[in-house]
Amino acid sequence: ETGVTQSPTHLIKTRGQQVTLRCSSQSGHNTVSWYQQALGQGPQFIFQYYREEENGRGNFPPRFSGLQFPNYSSELNVNALELDDSALYLCASSPGQGETQYFGPGTRLLVL
Amino acid sequence: AQSVTQLDSHVSVSEGTPVLLRCNYSSSYSPSLFWYVQHPNKGLQLLLKYTSAATLVKGINGFEAEFKKSETSFHLTKPSAHMSDAAEYFCVVSTFTGGGNKLTFGTGTQLKVEL
């Protein structure tokens with residue numbers, strides 16, 4: 001059984017650019033959540049997708065958007081990158097809403 | 001709103017001695033609580049979870065946690081620390097967000113294990 005995978009592992013962008021991060025959920029999981037972890041802090045909830053629909057969002061601006069595909073993989077898109085967007089972005093999948101979340105290794109984004 | 005407070009930002013123990021990482025929670029109803037561990041430059045690994053069954057929860061790698069409603073606590077313990085336990089530990093509460101749920105993390109406790 002394959003766990004949660006994320007790509008790329010590292011990414012460097014400049015301010016104002018756009019970025020897309022990808023996540024493949026664990027086999028049998030239909031729910032994907034995204035979190036941002038700034039250096040030295042705990043992860044912060046961005047949003048959750050269940051069966052291709054967003055069903056919960058944290059305190060992040062609209063330039064953070066996402067998608068979930070029929071195979072339950074997911075993308076996180078961030079437009080107009082700011083320096084403060086530099087962080088580790090974590091994806092977690094779960095077998096259903098309200099179920100335990102299992103995390104991928106993360107994508108480390110650096111915005112210069 | 002549900003939240004968790006980790007009482008220690010750093011804990012240092014000697015190898016072979018007990019580990020205690022403290023967490024208090026705030027919730028208006030019976031919460032779902034978790035401990036996750038994060039090793040340097042790695043993602044988060046689930047150690048254990050409490051979901052209103054037994055109050056003493058056993059996890060992986062010899063860790064366990066006890067849910068105490070009267071004290072609103074969910075402390076993580078291990079009888080004997082190993083060097084490989086050195087990592088950041090997060091106490092987490094699950095909060096319903098309408099259709100789904102989100103995890104709210106504490107600020108983390110950095111565990112250092114010394115020889």
In terms of heavy-atom pairs under 4.5 Å, which option from B:Lys49, B:Lys42, B:Gln45, B:Gln110 contacts chain A the most? B:Lys49
Given the side-chain rings of A:Phe45 and B:Phe105, with only the six-membered ring counted for Trp, is the space between their centroids under 6.0 Å? no
B:Gln38 vs A:Gln37, test: side-chain contact (heavy atoms from CB on, under 4.5 Å). Steps then yes/no. CA-CA 12 Å; B:Gln38 187 173 38; A:Gln37 186 178 19; 2.9 Å; yes
Please say yes or no: joined through hydrophobic side-chain contacts below 4.5 Å, possibly via intermediate residues, are A:Phe60 and A:Val19 part of one cluster? yes
Among the options A:Tyr50, A:Tyr102, A:Phe103, A:Tyr49, pick out the one with the most heavy-atom pairs lying under 4.5 Å from chain B. A:Phe103
With a 4.5 angstrom heavy-atom cut-off, could you sort out which part of B:Leu103 is near chain A: side chain, backbone, both or neither? both
What part of A:Gln41 gets within 4.5 angstrom of chain B, counting heavy atoms only: side chain, backbone, both, or neither? backbone
State yes or no: do B:Leu76 and B:Val13 share one hydrophobic cluster built from I, L, V, M, F, W and Y residues joined by side-chain heavy-atom distances below 4.5 Å, directly or via other members? yes
Of the listed residues (A:Gly104, A:Pro43, A:Pro105, A:Gly106), which shares the most heavy-atom pairs with chain B below a 4.5 Å separation? A:Pro43
Shared hydrophobic cluster, A:Leu67 / A:Phe64 (ILVMFWY, side-chain heavy atoms < 4.5 Å): no
Same cluster or not: are B:Val37 and B:Val92 linked, directly or through other Ile, Leu, Val, Met, Phe, Trp or Tyr residues, by side-chain heavy atoms under 4.5 angstrom apart? no
From A:Thr100 atom OG1 to B:Tyr36 atom OH, the distance as rounded to the nearest 0.5 Å: 6.0 Å
Please state whether the side chain, the backbone, both or neither of A:Tyr35 comes within less than 4.5 Å of a heavy atom of chain B. side chain
CG (A:Asn71) with more than 12 external heavy atoms under 6.0 Å: yes
Backbone N/O of B:Asn101 and side chain of A:Gln48: donor-acceptor pair under 3.5 Å: yes
Side-chain heavy atoms under 4.5 angstrom apart, residues restricted to Ile, Leu, Val, Met, Phe, Trp, Tyr: same cluster for A:Ile12 and A:Leu39? no
Got more than 12 heavy atoms from elsewhere within 6.0 Å of CZ, A:Arg63? yes
